[in-house]
Amino acid sequence: MSRPARTVAIVAMPRVIALDYSIAANVLGGHPGYELMVCGEPGPVAAEQRVTIVASHGLAALARADVVIVPGYTDPHLAIADAYLDAIAGSADRGATVVGICTGTFALAASGITTGRQVTTHWRYTAQLRQLYPETTVIDNVLFVQDGNLLTSAGAGAGIDVCLHLIRTDFGVDAERLASKDMVASPARPGPQPQIVDVFSPPGADLEATRVWAVKHLNEPVTVAELARRSSMARRTFIRRFREQTGMPPIRWLTLQRVLLARRLLETSDWSVERIANVTGMGTAANFRAIFRRETGMSPSTYRRLHHIGAAPGEARSST
């Protein structure tokens, strides 16, 4: 039985950045699980680069949206009309997922919904955001941050990542992979990955081959020492370089890869949690359940009920 479509409202605010708007419209609007509407005040909205956007719905329509997207806009320090801020705040208060892309985070902060919460924005604007809204915790140099029902991202590229992350959350790993394939983009990069990498990999020191090996051996007790040895690096050097390239420590990255594999197996097989725990290298079923709940916010059984699509081609189905 297919899930009902989720309604996505893109807020077309004054001074909206056309690229940020189009990213959300194309990534989410191209997925059959979403019904898209563009909300704003009556009349055309002048965007950057001589683009005009006309809202299909008024701001009142945000009251029925499951997901509210606020694209970036120019001069984010300038005031936004109360009608927009009230609609955004009302959406967050009733539990909708509210997403700020790039400087769209400023509108979320101006609406009051980020007080005491963690957010991010484009690296050019983090200091300004922190200064204007000191009761909001601004995380520097990450692609996106999720704090409950709030999602905030850096610039345009990170906007793609956060939209793919939404698809993965709502419809599963395979749905995200199909969406990224349609866009000729990589699957969503992890949120903690840095916006800017200033250190380039010297010849022979790139860690991609090590990461590929690790993904193929997730069912084994992969250690940092083993990864460092395979990379021909000292342990401390490997950890530093790994963090530079991925934005996170090796063990954290391994955990996310194991959870990603578990999600796909829950979606595409009838394997027991014991078998999935073993295949993903998470040990016992109890340990697997604890890790999975911590990383996804739901139990494996709940995730399977929401996202199960049957066995993938060639995938063995088993309840043992």
Side-chain angles (χ1 to χ4, degrees), residues 142-148 151 161 164-178 180 186-193 207-231 235 238-239 241-243 245-320:
V142 292
L143 295 177
F144 63 87
V145 171
Q146 180 160 14
D147 189 332
L151 270 166
D161 291 309
L164 290 173
H165 173 77
L166 274 173
I167 293 175
R168 179 195 296 177
T169 300
D170 288 340
F171 302 104
V173 175
D174 278 1
E176 179 216 4
R177 287 178 175 172
L178 286 174
S180 62
S186 300
R189 297 170 291 177
Q193 187 166 322
L207 301 179
E208 181 179 358
T210 301
R211 294 196 297 271
V212 169
W213 179 88
V215 168
K216 292 179 179 179
H217 293 80
L218 291 176
N219 62 318
E220 302 174 12
V222 179
T223 64
V224 175
E226 171 68 9
L227 295 177
R229 186 186 66 78
R230 288 185 169 275
S231 304
R235 187 177 187 275
F238 170 77
I239 292 173
R241 290 305 308 274
F242 196 95
R243 186 186 286 272
Q245 293 189 21
T246 67
M248 65 189 74
I251 294 301
R252 174 65 179 156
W253 180 86
L254 280 168
T255 297
L256 293 179
Q257 299 308 310
R258 288 184 163 117
V259 170
L260 187 64
L261 176 57
R263 292 171 74 152
R264 185 170 190 273
L265 290 173
L266 288 168
E267 293 172 22
T268 60
S269 79
D270 291 328
W271 289 3
S272 67
V273 293
E274 289 81 6
R275 186 174 183 181
I276 294 176
N278 181 59
V279 169
T280 59
M282 285 190 266
T284 65
N287 190 54
F288 166 53
R289 289 188 179 97
I291 294 173
F292 194 86
R293 182 180 289 277
R294 184 187 72 207
E295 298 296 336
T296 68
M298 65 183 75
S299 67
S301 59
T302 299
Y303 185 88
R304 170 171 274 161
R305 177 171 54 81
L306 292 174
H307 298 299
H308 190 262
I309 58 175
E315 179 85 53
R317 293 171 62 94
S318 173
S319 58
T320 61

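Quick caveat, the model's predicted, so the values are computed rather than measured.
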Side chains of [X] and [Y], heavy atoms from C-beta outward: is any pair under 4.5 Å?
{"X": "Leu260", "Y": "Arg168", "result": "yes"}
{"X": "Arg241", "Y": "Thr210", "result": "no"}
{"X": "Arg304", "Y": "Ser269", "result": "yes"}
{"X": "Val279", "Y": "Trp271", "result": "yes"}
{"X": "Asn278", "Y": "Asn219", "result": "no"}
{"X": "Arg229", "Y": "Phe238", "result": "no"}

Partner residues of Phe288 under the ring-ring contact (aromatic ring centres under 6.0 Å, His included) criterion, sequence neighbours left out: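 With neighbours one apart ignored, the set is Phe292.
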Listed by chain and number, what are the side chain to side chain donor-acceptor pair (under 3.5 Å) partners of [X], not counting sequence neighbours?
{"X": "Asp147", "answer": "Arg117"}
{"X": "Thr284", "answer": "none"}
{"X": "Glu295", "answer": "Arg252"}

Supply the atom-to-atom distance [X] [atom1] to [Y] [atom2], rounded to the nearest 0.5 angstrom.
{"X": "Phe144", "Y": "Leu166", "atom1": "CZ", "atom2": "CG", "result": "9.0 Å"}
{"X": "Thr302", "Y": "Leu266", "atom1": "OG1", "atom2": "CG", "result": "10.5 Å"}
{"X": "Leu164", "Y": "Arg177", "atom1": "CG", "atom2": "CZ", "result": "12.5 Å"}
{"X": "Leu256", "Y": "Met248", "atom1": "CG", "atom2": "CE", "result": "5.5 Å"}
{"X": "Glu208", "Y": "Ser231", "atom1": "CD", "atom2": "OG", "result": "12.0 Å"}
{"X": "Glu267", "Y": "Leu306", "atom1": "CD", "atom2": "CG", "result": "10.5 Å"}

With sequence neighbours excluded, residues passing side-chain contact (heavy atoms from CB on, under 4.5 Å) with Arg235: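 Applying side-chain contact (heavy atoms from CB on, under 4.5 Å) to Arg235 gives Val224, Ile239.
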side-chain contact (heavy atoms from CB on, under 4.5 Å) partners of Val215, counting only residues at least two apart: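 Applying side-chain contact (heavy atoms from CB on, under 4.5 Å) to Val215 gives Trp253, Gln257.
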Side chain to side chain contact (heavy atoms under 4.5 Å, CB included) evaluation trace for Val222 with Arg230: CA-CA 11 Å; Val222 179; Arg230 288 185 169 275; over 6 Å; no
Heavy-atom neighbours of Glu220 CD exceed 12 at 6.0 Å: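 Correct, the count exceeds 12.
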Where Val273 and Ala285 come nearest, the two heavy atoms and their spacing: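 Closest approach of Val273 to Ala285, heavy atoms only: CG2-CB, 4.0 Å.
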Nearest non-hydrogen partners of Ala277 and Gly283, listed with the distance: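 Shortest heavy-atom separation between Ala277 and Gly283 comes out as CB-O, 3.2 Å.
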Side-chain donor/acceptor of Arg289 to backbone N/O of Ser299, under 3.5 Å: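 Here the side-chain-to-backbone pair does not exist.
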His307 side-chain N/O to Arg264 backbone N/O, donor-acceptor pair under 3.5 Å: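 Checking the backbone N and O of Arg264 against the side chain of His307, no donor-acceptor pair under 3.5 Å is found.
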Parallel, tilted or perpendicular, as decided by the 30° and 60° cut-offs, for the rings of Trp213 and His217: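 The rings of His217 and Trp213 lie parallel, inter-plane angle below 30°.
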